[in-house]
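Worksheet for the structure shown next.
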Amino acid sequence: MEALEQAFAENPLTLEDFPDFFLEATGHEPYPWQEALLRRVVREGWPEAVAVPTGAGKTMVLAVALFLMALDPKAHRRVVYVVNRRLVVDQAHEVALGLKERLEEALARPSGEATPLVRAARRLAALGGGKPLEVVRLRGGVPRPRPTLQDPARPAVVLATVDMAGSRLLFRGYGVPRGLLPVEGALFGTDALYLLDEAHLEAPFLATLEAVAGLPGPWGRPGVRAVALTATPEGLGRGGIFRLGEADARHPRLGRILTASRRVWLRESPSRRRGKDLVAHALRLGEELGGPVAVVANRVGRALEVYRELGRAFPGRVLLLTGRMRPRERDLNFARTRALQERLDRGEVAFVVATQALEVGADLDFVGMVTELADLSALKQRLGRVNRRGQRERAEVVVLGERETEAKEARPYLPEALQATWAWLAGLGAEGGVDLSPKALAQRMEAQPPPSEAFGRPRPPMPFFEAFLPLLAHTDPLVPLDPDPFLHGLERAAPEVEVVWRADLPETAEEVEAYLEAVPPGPKEGVRLPLYAVRAWLRGGAADFADLEGQEEEALRPGPPREGKAFRFDGERVAEVSLRDPRLRPGDLLLVPAGFGGLSEGHWDPEAREPVPDVAEWGEERPRFLRLHPKVLAQALEDPEGAEGFGQELKERLLGAEGRREAREEVRRFLEERLSDFRAEWRPLVQAFLEGPFEVWPWGEGWGYGGYVLRLGQENPLYGSGRPEALEAHSRKVAEAVEDFARRLGLDPGVRAPFRRSALWHDLGKQDPRMQFWFLLSAGEAVDPSSRPLAKSGTRLTRKELERLRKEAGYPPGQRHEHVAARPLLGSHPLEAHLVATHHGRGRPLPAPSPDAPGFSVPLWAPWASWPGPPYGESAHGLERLESGYLENFLGLLKGMGPWGLAYGEALLRLADYLASGGEA
């Protein structure tokens with residue numbers, strides 16, 4: 001019996017265990033609808049939509065999906081939870097992390113304990129290679145050479161926006177390095193259950209998912225399944241909807257939430273004085289109700305206006321929540337929903353000013369709200385944040401708008417949607433006040449159905465033709481297929497870019513490229529913004545916009561031209577951006593000097609001119625680097641004026657250092673002496689470098705940086721985990737890893753053999769003597785002859801240094817060792833030939849020509865690899881030629897497996913290679 005089967009046999013689990021599992025995992029009993037949903041999924045599969053009111057536990061569908069994974073190893077291993085907002089408070093992320101923590105605690109309990117949660121945790125850990133669950137929140141930042149998920153068999157929850165998830169699904173991941181596009185496509189297009197929060201807001205993406213879901217799952221694993229989660233099923237226009245039952249209305253806690261009073265008032269407010277009216281009504285509600293009041297604006301500019309006005313009246317007691325906020329400041333202020341709600345309940349925060357970011361993901365409860373008129377879908381979401389827990393006898397909402405709204409003022413909503421919503425509310429008597437508790441709202445919508453126009457007009461989806469499928473698979477060379485229409489529909493939408501501010505940005509594109517290698521931006525540094533708004537800002541102007549994905553372009557306000565240099569990064573190359581004519585592409589990352597301004601208290605504010613704090617050191621949970629550069633030290637030191645002197649003293653002390661080791665020790669001594677000079681929040685960061693091994697960058701040839709960078713750990717697994725590694729040892733580790741993936745995924749034993757063979761053969765082309773010489777030159781230490789040939793040099797050199805050593809070794813630039821090994825396998829081993837050839841993401845569908853002419857004889861045979869071909873291959877592989885059979889082989893496999901099936905096979909081998917190279921460590 002294999003380990004997986006044994007773990008499942010020793011930890012039996014049934015449907016009847018779900019209530020106790022849920023209670024242990026979440027701290028409260030499941031609602032009746034959550035139990036009914038699980039039974040429905042087991043019996044019939046997932047419904048098209050789950051329609052429950054806001055506040056009724058919709059996010060806990062994650063717990064249902066997780067229990068299903070534990071119950072059935074054939075269930076989807078990944079849940080992709082998608083929202084179309086830049087969330088300020090991400091409730092789904094908190095729920096997922098809470099489930100992960102409870103599972104890990106259960107796994108650590110004594111072996112004698114066998115509660116449903118413990119048994120589920122053990123089963124999930126058996127699927128996950130020892131870990132029961134992985135939780136990933138996709139944020140921005142310069143992509144590093146690692147995939148979103150490292151273990152394709154491990155149960156996982158991925159939280160993402162439509163752009164982040166959808167572009168990856170279609171093999172065009174925004175900001176993803178080209179070589180990783182197939183892996184990301186496989187992870188998001190196979191074994192993936194999509195939960196779309198408020199899916200009616202992104203009907204085109206839902207249509208794309210359903211088209212992909214119609215394709216068979218490869219390798220015996222399921223493909224894609226899409227489930228719409230919505231409190232507004234009216235906007236979906238479809239059947240197959242799972243709803244609450246009578247038992248939910250009778251439930252003590254849920255019943256109270258469903259009948260919680262919310263009195264709604266409709267008030268006329270001309271656009272020219274809307275900001276003042278929002279403030280006036282907020283002040284009145286705050287005084288009358290004595291509790292926290294939310295103010296919701298339809299556009300970021302108006303939210304800023306109201307925030308400033310209320311802040312003058314209540315300094316320190318007003319919060320601004322927008323999705324256009326830098327994650328560093330967002331996490332400092334709103335790290336946990338519960339903590340923010342406690343501040344609201346204690347009265348520390350009197351007003352919260354927000355945009356559409358408050359409509360989803362934020363489990364917050366207000367006693368009152370003033371909101372601009374929106375379409376009925378958005379308005380229902382906003383109402384769900386008032387008396388959400390059903391604890392208040394009185395709660396009020398004031399809706400401000402106009403009976404007749406011009407198109408310009410209606411954006412991002414349609415004028416006919418706002419007019420229909422106004423008319424429907426007025427027909428209910430809202431001008432004199434009307435109770436719209438969740439139950440009352442549902443009853444009134446049934447008795448007096450709103451016109452369809454009130455819900456807005458969904459964008460027409462992009463038809464998903466079968467002819468698109470091979471084009472999606474062409475990632476090298478890349479077919480420039482824009483994913484945006486498949487995500488946001490045929491109508492023109494505004495694509496987005498991410499902006500990162502740095503104080504120490506170099507002056508040239510070449511220097512910035514080297515700089516990014518040393519100090520790549522992390523997930524807490526960037527703000528995603530409409531591309532047109534960023535172009536206007538770079539030119540010195542400004543554009544107002546809503547807080548939604550895929551919105552239309554808005555009018556621009558001119559301003560004084562900006563001075564300085566900005567750089568775009570597309571995941572592979574850096575280029576300078578002209579400020580007069582900024583040519584940016586969707587998904588680009590834009591690096592700008594901190595002196596450009598553009599942020600106010602972490603929020604996007606195109607008119608802000610103050611330098612933006614550089615937060616690169618806080619990119620992740622643990623530090624990755626420490627920049628000892630005067631412009632960064634000015635923020636880090638207690639005395640900013642001493643930054644230049646600090647940097648100069650360090651430079652002088654390093655001048656006499658001989659070699660990297662001596663330089664490290666000199667830096668360590670210097671930081672120990674000067675630790676007290678740093679600000680309090682910086683000292684733990686510096687202490688991490690005093691206690692752990694680090695590298696000093698730059699070393700050797702300079703690259704125009706005016707300081708030094710200390711780096712912890714190893715960022716790039718392509719070169720190994722820090723020491724040379726033998727080809728045989730590495731190849732066997734990859735084979736063991738890919739076989740382990742296959743076992744835990746339940747793949748048929750007959751399917752596993754090609755993966756093992758491919759793992760043993762994938763690096764045989766590295767036996768090229770010139771490549772081995774390159775490894776030896778870059779290893780930086782003596783290599784035991786018994787370890788040769790090498791698979792990894794273990795180097796931590798920069799690309800510039802590696803390039804110099806490549807020339808010295810005589811290895812041709814652009815030569816692909818994997819294509820040399822794949823050439824003899826064509827014909828006899830078609831799948832293995834493809835897996836070997838593409839294990840770096842190249843050659844899909846055609847390899848680049850070999851630069852090695854007239855050719856070089858490369859040994860391929862290895863005694864441990866059972867190599868089936870000739871003992872020697874040619875470095876001039878010729879796979880780019882049509883007569884080689886490579887393209888024919890690719891197209892044949894693509895036809896049989898489909899783009900996601902073929903990529904999934906590649907991903908299993910590549911993720912095993914990544915794991916064997918020290919990726920997860």
Side-chain angles (χ1 to χ4, degrees), residues 144-145 177-179 476 509-518 520 571-574 659-660 695 697-704 711 714-727 730 762-783 787-823 836-837 839-843 847-860 872-880 913 917-918:
R144 281 162 285 150
R178 185 176 299 182
D476 183 60
E510 183 181 9
E511 290 169 349
V512 171
E513 204 160 288
Y515 169 82
L516 289 183
E517 187 181 350
E572 295 186 355
R573 307 297 299 177
V574 171
R660 291 175 177 270
E695 296 289 331
W697 291 47
W699 196 253
E701 295 183 51
W703 46 285
R711 288 174 55 84
Q714 174 68 24
E715 283 290 316
N716 191 341
L718 300 178
Y719 306 124
S721 55
R723 59 176 60 121
E725 185 174 16
L727 179 62
H730 172 70
H762 78 288
D763 270 352
L764 290 180
K766 288 182 176 179
Q767 294 182 104
D768 187 319
R770 300 165 299 177
M771 193 171 210
Q772 289 296 308
F773 186 31
W774 185 16
F775 283 156
L776 293 173
L777 289 174
S778 58
E781 58 182 80
V783 178
S787 298
R788 302 178 191 172
L790 294 174
K792 307 283 181 182
S793 67
T795 183
R796 289 178 178 169
L797 303 178
T798 64
R799 291 180 185 176
K800 192 172 184 178
E801 292 170 305
L802 285 170
E803 177 63 11
R804 177 179 59 81
L805 295 176
R806 180 199 61 74
K807 291 179 180 178
E808 186 176 339
Y811 194 72
Q815 176 72 359
R816 306 303 312 181
H817 71 86
E818 65 269 30
H819 295 158
V820 174
R823 181 69 178 86
V836 169
H839 81 266
H840 284 302
R842 304 292 183 179
S850 168
D852 204 19
F856 196 92
S857 185
V858 177
L860 295 176
Y872 288 89
E874 286 296 321
S875 61
H877 50 75
L879 291 182
E880 74 280 2
D913 192 11
S917 300

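Worth knowing before you read on, the calculation uses all heavy atoms, side chains too, and leaves out hydrogens, waters and symmetry mates.
Scanning all heavy atoms of the two residues, the minimum distance from Ser793 to Phe775 falls at CB-O, 3.6 Å. When all heavy atoms are compared, the tightest approach of Pro520 to Arg711 is CD-NH1, 4.0 Å. Shortest non-hydrogen contact noted between Gln767 and Pro789 is OE1-CG, 3.9 Å. Closest of all the heavy-atom pairs between Leu790 and Ser787 is CD2-O, 3.7 Å. Annotation for Arg770 and Tyr811: closest pair CB-CD1, 4.0 Å, computed over non-hydrogen atoms. When all heavy atoms of Pro769 and Pro859 are compared, the closest pair comes out as CD-CD, 4.2 Å.
Scored by the side-chain hydrogen bond (donor to acceptor under 3.5 Å, both in side chains) test, Glu818 finds Arg816 as partners (sequence neighbours excluded). Scored by the salt bridge (charged side-chain N to carboxylate O under 4.0 Å, His left out) test, Arg806 finds Glu803 as partners (sequence neighbours excluded). Under the side-chain hydrogen bond (donor to acceptor under 3.5 Å, both in side chains) criterion, Glu874 pairs with no residue, sequence neighbours left out. With sequence neighbours excluded, no residue satisfies side-chain hydrogen bond (donor to acceptor under 3.5 Å, both in side chains) with Arg842. Legend: residues meeting side-chain hydrogen bond (donor to acceptor under 3.5 Å, both in side chains) with His839, ordered by chain and number and at least two apart, are Asp763. Contacts of Phe856 classified as ring pair (Phe, Tyr, Trp, His ring centres under 6.0 Å), with partners at least two apart in sequence or in another chain: none.
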Might you work through the side-chain contact (heavy atoms from CB on, under 4.5 Å) test for Lys792 and Ser917, ending with a clear yes or no?
CA-CA 8 Å; Lys792 307 283 181 182; Ser917 300; 3.3 Å; yes
Steps toward side-chain contact (heavy atoms from CB on, under 4.5 Å) verdict (Glu510, Val574)
CA-CA 7 Å; Glu510 183 181 9; Val574 171; over 6 Å; no
Check step by step if side-chain contact (heavy atoms from CB on, under 4.5 Å) holds for His817 and Val858.
CA-CA 9 Å; His817 71 86; Val858 177; over 6 Å; no
side-chain contact (heavy atoms from CB on, under 4.5 Å) between Arg804 and Glu808: does it pass, once the steps are laid out?
CA-CA 6 Å; Arg804 177 179 59 81; Glu808 186 176 339; 4.2 Å; yes
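Not one N or O on the side chain of Asp852 forms a donor-acceptor pair closer than 3.5 Å with the backbone of Ala876.
Taking the six-membered ring for Trp and thresholds of 30 and 60 degrees, His762 and His730 have ring planes inclined between 30 and 60 degrees apart.
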